[in-house]
Amino acid sequence: MLKEDLDQNNIPKHVAVIMDGNGRWAEKHGKQRLEGHAQGAKAARQAVETAHKLGIQYITLYAFSMENWNRPESEVSGLMSLLTSSIACQFKDLIENNVRLLTIGDNTLLPENVRQEIEAVVKESEKNTGLTVIIALSYSGRYEIVQATKNLLKKYAEKPFDISQIDEKTFAENLYTAQIPDPELLIRTSGEFRISNFLLWQISYSELYFTEKLWPDFSEEDFINAVYDYQHRERRFGKTSRQINEKK
Ligand code: FPP
């Protein structure tokens with residue numbers, strides 16, 4: 001598939017990606033796991049460029065889950081330096097191209113220098129109006145929902161309000177993704193069919209796309225194939241096929 005094969009009127013606004021398979025890629029090539037992550041960082045950069053090229057407005061990359069803190073210390077610290085250096089270097093020119101960087105997750109758990117470097121790029125790019133790149137870092141979907149509940153309880157304690165007014169919209173305003181539309185498409189690489197605690201609330205109606213490709217091998221063409229596949233799904237949101245077709 002090529003970009004030209006896509007329906008320009010049906011480009012997803014937001015694509016979320018579980019970038020899986022760096023470790024297996026390294027093993028397959030007889031390399032250290034961190035080399036797999038380094039190749040993964042290159043693939044992440046390419047995915048951001050493809051998203052920009054296709055006119056996608058938001059891309060969320062699952063870079064480090066809260067559960068990933070349990071990996072061996074050397075892998076965690078290697079990933080932290082890779083993330084900081086990738087973000088600090090690669091984002092320099094992306095920012096010049098109007099890209100905005102956001103992060104979601106519990107950044108209080110990040111080493112101080114990593115947090116500061118990332119926050120500096122977030123601040124520097126905050127006024128940019130092009131593609132928004134959201135990096136999920138120290139992220140857990142369940143934790144996010146618990147935090148949102150705590151936020152609401154705190155607001156209630158400060159100034160009691162009518163609890164019956166809490167609905168999905170007001171609840172979602174307390175998630176990390178308050179200002180971000182839900183992803184229409186979620187891609188997971190490496191042949192695993194799991195969500196792994198990613199964006200649990202936000203993917204209620206996302207189309208899920210799984211590919212065998214290991215993340216470092218995920219190319220522009222693979223991304224286009226995923227969007228093409230998405231464009232050929234029927235999104236019914238609980239309605240019948242007939243209802244959807246009558247509306248067209
Ligand atoms: C999953 O592969 C990948 C990760 C835990 C890390 C993802 C990080 C990157 C792609 C690098 C930097 C990203 C950005 C946004 C600059 P895995 O290690 O679980 O692979 P395996 O399942 O084959 O072992």
Side-chain angles (χ1 to χ4, degrees), residues 14-52 56 58-95 99-107 109-111 113-115 117-122 125 131-141 176 183 186-199 210-220 222-223:
H14 183 178
V15 177
V17 191
I18 302 179
M19 310 181 285
D20 196 12
N22 296 346
R24 276 161 285 165
W25 183 94
E27 201 177 322
K28 194 171 134 192
H29 292 85
K31 297 193 153 89
Q32 300 288 320
R33 289 182 62 82
L34 278 174
E35 178 57 28
H37 294 312
Q39 289 300 322
K42 286 188 189 158
R45 159 80 200 212
Q46 193 184 43
V48 167
E49 282 176 21
T50 306
H52 176 70
I56 290 164
Y58 300 84
I59 181 166
T60 300
L61 301 169
Y62 202 3
F64 196 86
S65 72
M66 234 173 213
E67 292 75 20
N68 286 153
W69 290 116
N70 298 320
R71 290 197 173 190
E73 213 282 311
S74 57
E75 183 167 344
V76 170
S77 59
L79 264 170
M80 285 299 133
S81 7
L82 177 66
L83 279 161
T84 346
S85 61
S86 308
I87 290 172
C89 303
Q90 302 191 348
F91 266 83
K92 280 250 166 330
D93 63 307
L94 290 172
I95 287 174
V99 166
R100 177 170 69 135
L101 177 77
L102 296 177
T103 63
I104 54 173
D106 184 5
N107 59 10
L109 297 177
L110 297 173
N113 65 320
V114 174
R115 198 166 59 82
E117 290 218 33
I118 292 174
E119 276 175 7
V121 183
V122 169
S125 69
L131 172 68
T132 298
V133 178
I134 303 141
I135 308 220
L137 207 49
S138 188
Y139 176 85
S140 147
Y176 295 130
L186 169 72
I187 299 171
R188 182 173 189 144
T189 57
S190 91
E192 307 284 3
F193 301 97
R194 282 192 290 277
I195 297 302
S196 303
N197 209 357
F198 189 41
L199 301 177
F210 298 99
T211 165
E212 292 289 325
K213 280 278 176 91
L214 301 174
W215 176 251
D217 293 329
F218 189 80
S219 64
E220 175 172 310
D222 295 319
F223 199 151

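Just follow the structure's listing: the first ligand is 1, and inside any ligand the first atom is 1. Scope of the values below: all heavy atoms of this structure, side chains included, with no hydrogens, waters or symmetry mates.
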>> Can you tell me which portion of N68 lies within the under-4.0 Å heavy-atom range of ligand 1? Options are side chain, backbone, both, or neither.
In response: side chain

> Given that the side chain starts at C-beta and the backbone is N, CA, C, O, which of these parts of I87 lies under 4.0 Å from ligand 1, counting heavy atoms, or is it both or neither?
Replying inline: neither

>> Tell me the protein heavy atom at minimum distance from atom 22 (O) of ligand 1, and give that distance in Å.
In response: R24 NH2, 2.9 Å

> Quick one: does R45 get a heavy atom under 4.0 Å from ligand 1?
Replying inline: no

>> Could you tell me, atom by atom, which parts of ligand 1 come under 4.0 Å of a heavy atom of A63?
In response: 6 (C), 7 (C), 8 (C)

> What closest approach, in Å, do M19 and Y62 show between heavy atoms, and which atom pair accounts for it?
Replying inline: CE-O, 3.3 Å

> Taking all atoms of both residues into account, what is the closest heavy-atom pair of L101 and S125, and its distance?
Replying inline: N-OG, 2.9 Å

>> I'd like to check whether S86 has a polar contact with ligand 1, where a contact means an N/O of the residue lying under 3.5 Å from an N/O of the ligand.
In response: no

> Do ligand 1 and G23 have nitrogen or oxygen atoms that lie under 3.5 Å from each other?
Replying inline: yes

> What atoms of ligand 1 come within less than 4.0 Å of a heavy atom belonging to R71?
Replying inline: 5 (C), 17 (P), 18 (O), 19 (O)

> With a cut-off of 4.0 Å, which atoms of ligand 1 are near a heavy atom of I135?
Replying inline: 15 (C)

>> Among H37, Q39, E75, which one puts a heavy atom closest to atom 4 (C) of ligand 1?
In response: H37

> Can you tell me which residue and heavy atom of the protein come closest to atom 3 (C) of ligand 1, and the distance to 0.1 Å?
Replying inline: M19 O, 3.2 Å

> What is the closest protein heavy atom to atom 9 (C) of ligand 1, and at what distance does it sit?
Replying inline: N22 ND2, 3.8 Å

>> Is there a polar contact between ligand 1 and W215, counting only N or O atoms under 3.5 Å apart?
In response: no

> G40 heavy atoms, cut-off 4.0 Å: which ligand 1 atoms fall inside?
Replying inline: 10 (C)

> Is it the side chain (CB and beyond), the backbone, both or neither of R33 that lies under 4.0 Å from ligand 1, heavy atoms counted?
Replying inline: side chain

>> So if I count the atoms of ligand 1 from 1 in the order they appear, which ones are less than 4.0 Å from some heavy atom of L83?
In response: 12 (C), 13 (C), 14 (C)

